[in-house]
Structure formats: C-alpha cells, structure tokens
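Comments concern the structure below.
Owing to the predicted nature of the structure, the values given are computational and were not obtained by experimental measurement. Convention: sequence-line order gives letters A, B, ...; per-chain numbering from 1.
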2 protein chains.
Amino acid sequence: MTQPQINNWQAIQNEVLRRIHAREWPPGQVIPNEVDLAAEFGCARATMNRALRALADAGMLERRRKAGTRVALHPVSRATLDIPVIRQEIEDRGLKYSYNLIARNTATPLASLGPAQKALHVTALHCANAAPYAYEDRWINLSTLPEAANQPFTVINANEWLLMHAPFTHGDIRFSCMAVPAAHAKRLGTTPGTPVFVTQRTTWDHARTITSVRLIFAPGYSIHTTIGSPPLAD
Amino acid sequence: MTQPQINNWQAIQNEVLRRIHAREWPPGQVIPNEVDLAAEFGCARATMNRALRALADAGMLERRRKAGTRVALHPVSRATLDIPVIRQEIEDRGLKYSYNLIARNTATPLASLGPAQKALHVTALHCANAAPYAYEDRWINLSTLPEAANQPFTVINANEWLLMHAPFTHGDIRFSCMAVPAAHAKRLGTTPGTPVFVTQRTTWDHARTITSVRLIFAPGYSIHTTIGSPPLAD
DNA sequence: TGCATTATTATGTCTATACATAATAACCCC
DNA sequence: GGGGTTATTATGTATAGACATAATAATGCA
C-alpha cells in the first residue's frame, strides 16, 4: 500500500474527502491513524497531519488525542462569511457609494455598550447610486475612544474612521429582520411595515467596548455565502 | 533580538496580534519576513509560518510570495457560522423538537435545481415546544437521488435523511427576509405581512444538485455569531 | 526607450525526527 | 470486583534542512 505517492497535502485532502463522500469512510467511523495513512499515501506524517487538520477545521473530521480521527456525524455546514466595509460592498457591485450624516450627538446609550457611560450617537445613511442602501444607528464609546468626540463624521463615515483609528480585537454580530419603523421608512425609500434585514454588531478592544451599530438595510437586501468549495476534479 | 524564546505558535500568534492591535504594525504595513521573525522569536521558520498562516486564514494578514506579509488594510471581519441541523438547533436551546410533514409530491421544480427534471417536493413544519419554528419548502433532485422517492418523510425529516444518505460536496446559502405570505402565516403562528427571516440553501454532490430548500422562520428568529475571539491575556 | 530574459526573494510546502500531551486501556493491589 | 496507578497510543507541535513557486527587481539586448 505504498503505491499512490500523493505527496502534497491538498491532493491528500481531496482523496480523503472523496472517501468520505463515497462512503468508504461513513459518518462516525474512525479512520486509520496518521502514521498508517502517511504510509499508504507515501508521504510524511506532517503532510498527513496538515491534510487532516484542515479537514477538521472545516468541520468534516473530528479529532481527539488517543481516540483518533473520525468522520463527523453531522458534517456541520460551516460557512465563513466576510463582513465587508459598506463602501466596499457597494463598490464591489459596481455602484457609486455615497454617505450622508443624519445626526450626531453625545448621550448615554441604552444597553448595548455595557454600563451606562458617555457615548457618541451617530446616525447616517449609506447610499448606492444615490438610492438608500442602509440606515446606520451607531453608538461609539467615548471612554474608550475620547478622540472620536472631535470627529465630525460628515465626510468620513464612522465605520471607516473606526477601522483606521480603533481596530477591534473581537466582535459579535446578529442578523435578523423587522418591520421598518415609520421613522426610517421614508429614508430607506419604502413604506412603514416593510420587512427589512437588520444586522446588529458590537466590537471590543480587549475588555472595552468600542462601538455598537445597527444597520437597517433597504428592502431586497440579502447575504450570500457558500459551504465548502466545488471539487476540482469531477 | 534572540531574547524572548516564544516557541509555540499560539504564543507567537498572540504577540503578532498584539503588535497589530497596538499599531506597532499598522494596517497596510509590510511586516518582517518569516526568517527574520523566527530569529527574533527564537523559533523555527515552520513555527513562524504556522502562526502567520493562521492569521492570514483569519483575514488579519495578507501574504503573497516574494511581496511579503502585510497587515490587512480592512481587517476583514471574517465570521464563521455553523449551520446546524434544525433539530439540533432547537434542542441546543433546551426545547423539544417536533416535526410535521405537510405535503409530499412529485413535480417539476421551477429553477432552483437547474434544468427541468423530476423532483420530489416536500413541505413541512419544524416546531420547538410544539410552537412553529420554521416552515420548510424543499425540492429533492430525483435523478441524483432516486431512492428518495421511496421515503415517506413522515417521521424522519428530509434534512436528516439527506444528511445520512446523500452527503454534499458543497453548497450555497442566502439569508434574506420577506413578508410572510398569507398561505404560510397561520402555520407560523402569525399574520400575513409579518417580517420573517428566510434562508435559501442549495447543495451539490460534485456537479449534480441534491436539494434546494427554503426555510421560513417564525418571527423573532435571528442568527448570532462572533468575529475573532476575546484575547486570553488582558 | 521598450521589451524580453534572467536573477533574486519571500512564501509555500515536504521530509524526518523528536518530544509533549491527552485520553484510553491495562494493570495491580487491596 | 472496585478503585487508583501506570502503560500505551494517536494526535499536537517543534525543529532543521531542502526544494518549489510566484512575483518582483535587475539586467541585457534590439
């Protein structure tokens, strides 16, 4: 069984995937260990490890020390979705981006930023080809970012300014939908009650909140992504 | 500069992340090459490579041969979201899962499955604690999966049967929202026009479509995920 | 000057070896 | 037989060295 001599990890990954899809290794089954597989494929264990680890990262395999490697019972559909800067998202669609600040004032936020503290409240409208694209309702934590108080956010939007001046360590996103409130319907070029897509995002720099933003998208918005990738060889 | 002697890739990754967040390596900047960094950290190049590659996978760095490694200009928020089996999603929330088949018949699908072919059309309702959770509208490609024709889908739901009998190689998901159609409003325990979250998913086995499913969730549904992970050391 | 060819360079990957670590299996003693 | 200790095992990771590859920079020629 030292025949095939596949010695690049992607080819090995493909072969392992093939065996999983072909049910040679059905869900839940423990597959041979790295040493044996490396011998079978005629490669080093490190290479085998690379291939199997990548598949484990993708959710296709489950690995545990001593217990071995098994095919995931529920080949969990793990999708990675990139959340782009709004400008980029619009320009990638070949549309012209524009931005309008609606309001900007200092106040005490409700809850999203954590314990009550002074924050900057910014509302704005992002447009694509002059048509409403998304309404932004943002709170910026002034105790984390005092320099934000000097920013007008009239030309440079808060999203991009924050990315340049306050990179976050981690964040938290929620996707939902709601009936557009009467107050925002006209801005988004629609009528009150129309279903709209909403994303609510909070970002932190270590333990301190940076910003919490809600984006209400104009009707028709959707997010698209993929699971896995089409196999190269058919 | 051979002092620190950090020789595990995760510690190195953290240190690199620290430098990025601390703006020692601002966005867009090219960072030293692997050989130099390995020397600085007192580790092997392979270890340095592992750390930097992981960060590149996470979207924090951009790497190109010869050009070198640079800090991503837009630290693209790359979220990985797991799309679970509905039963699991419901049971994970501590609720009791139940399933009701609504209809099942053979017909020619519209477009989602590709060129017109015979398909099985299944509609069903997923419930959590007996309350409507999601309405499922699914087409199963019978030319790819003829054995699906013999499945009643009365007890075992199509989602789980397909996972067990027809693993997919890749797929495609779209998240959006809409006003619930009058035909489904009652089933979902709501009134026509209410905004509801919708996911449309198509999966393939190599070049052949397996199934295309639309899930209309009951009002209030949302998807939650995170970007990055809270730093260990604060 | 402009274009094609050739060096250079940083990342990408593979190898063989070694040790660390977590988890199970085996064992031994009471 | 039960419970705690030890051995075994598979993955996880680190290392040094080597070659592959892509992309840029330098060079040379018309």
Practice problem: Check step by step if salt bridge (Lys or Arg N to Asp or Glu O under 4.0 Å) holds for A/E24 and A/R18. | Solution: CA-CA 8 Å; A/E24 292 175 29; A/R18 191 195 63 73; 3.0 Å; yes

Quiz item: Counting only distance, no hydrogens or angles, is the base of C/dT11 paired donor-acceptor with the side chain of B/R63 under 3.5 Å?
Solution: no

Exercise. Let me know the distance between CG of A/D57 and P of D/dT11, rounded to the nearest Å.
Key: 15 Å

Practice problem: Side chain of A/T69 only, please: which of C/dT15, D/dT11, C/dT11 is the nearest? | Solution: D/dT11

Exercise. Provide, to the nearest angstrom, the distance between the CH2 atom belonging to A/W9 and the P atom belonging to D/dC19.
Key: 23 Å

Quiz item: Atom CD1 of A/I12 and atom C1' of C/dT15: how far apart are they, to the nearest Å?
Solution: 12 Å

Quiz item: Mind checking whether B/I210 and B/L162 have side chains closer than 4.5 Å, heavy atoms only?
Solution: yes

Quiz item: Counting side-chain heavy atoms from CB outward, which of C/dC14, D/dA10, D/dA14 is closest to A/N8?
Solution: C/dC14

Exercise. Can you figure out which of D/dA23, D/dC19, C/dC14 approaches the side chain of B/R45 most closely?
Key: D/dC19

Exercise. Look at the side chain of A/R64 and decide which nucleotide, out of D/dT13, C/dT24, C/dG12, has an atom nearest to it.
Key: C/dT24

Practice problem: Specify the separation, in whole Å, of atom CD of B/E62 and atom C1' of D/dA23. | Solution: 16 Å

Self-check item: Between D/dA14 (C1') and A/R53 (CZ): distance, integer Å
Solution: 12 Å

Quiz item: B/V35 or A/A67: which one's nearest nucleotide on DNA chain C is closer to the 5' end?
Solution: B/V35

Quiz prompt | Aromatic contact, A/F197 with B/F175 (centres under 6.0 Å) | solution = no

Quiz item: Is the ring centre of B/Y99 less than 6.0 Å from the ring centre of B/H126?
Solution: yes

Quiz prompt | Closest nucleotide among D/dT21, D/dT11, D/dT13 to the A/E34 side chain | solution = D/dT11

Exercise. Give the nucleotide from the list C/dC14, D/dT11, D/dT13 with an atom nearest to the side chain of B/Q10.
Key: D/dT13

Practice problem: Would you kindly give the CG-to-P distance between B/N49 and C/dT15, to the nearest whole Å? | Solution: 16 Å

Quiz item: In whole angstroms, how far is the C1' atom of C/dC14 from the CE atom of A/M48?
Solution: 14 Å

Exercise. Compare the minimum distances between each of C/dA10, D/dA16, C/dT9 and the side chain of B/K66, then state the nucleotide with the smallest one.
Key: C/dT9

Exercise. Counting heavy atoms from C-beta on, name the nucleotide in C/dA23, D/dT21, C/dT15 closest to the side chain of A/T47.
Key: C/dT15

Exercise. Calculate the interatomic distance between B/R50 atom CZ and C/dC14 atom C1'; express it in whole Å.
Key: 16 Å

Quiz item: Salt bridge check: are B/R65 and B/E34 linked by an N-O gap of less than 4.0 Å?
Solution: no

Quiz item: To the side chain of A/C43, which of C/dG12, C/dT15, D/dT11 is closest?
Solution: C/dT15

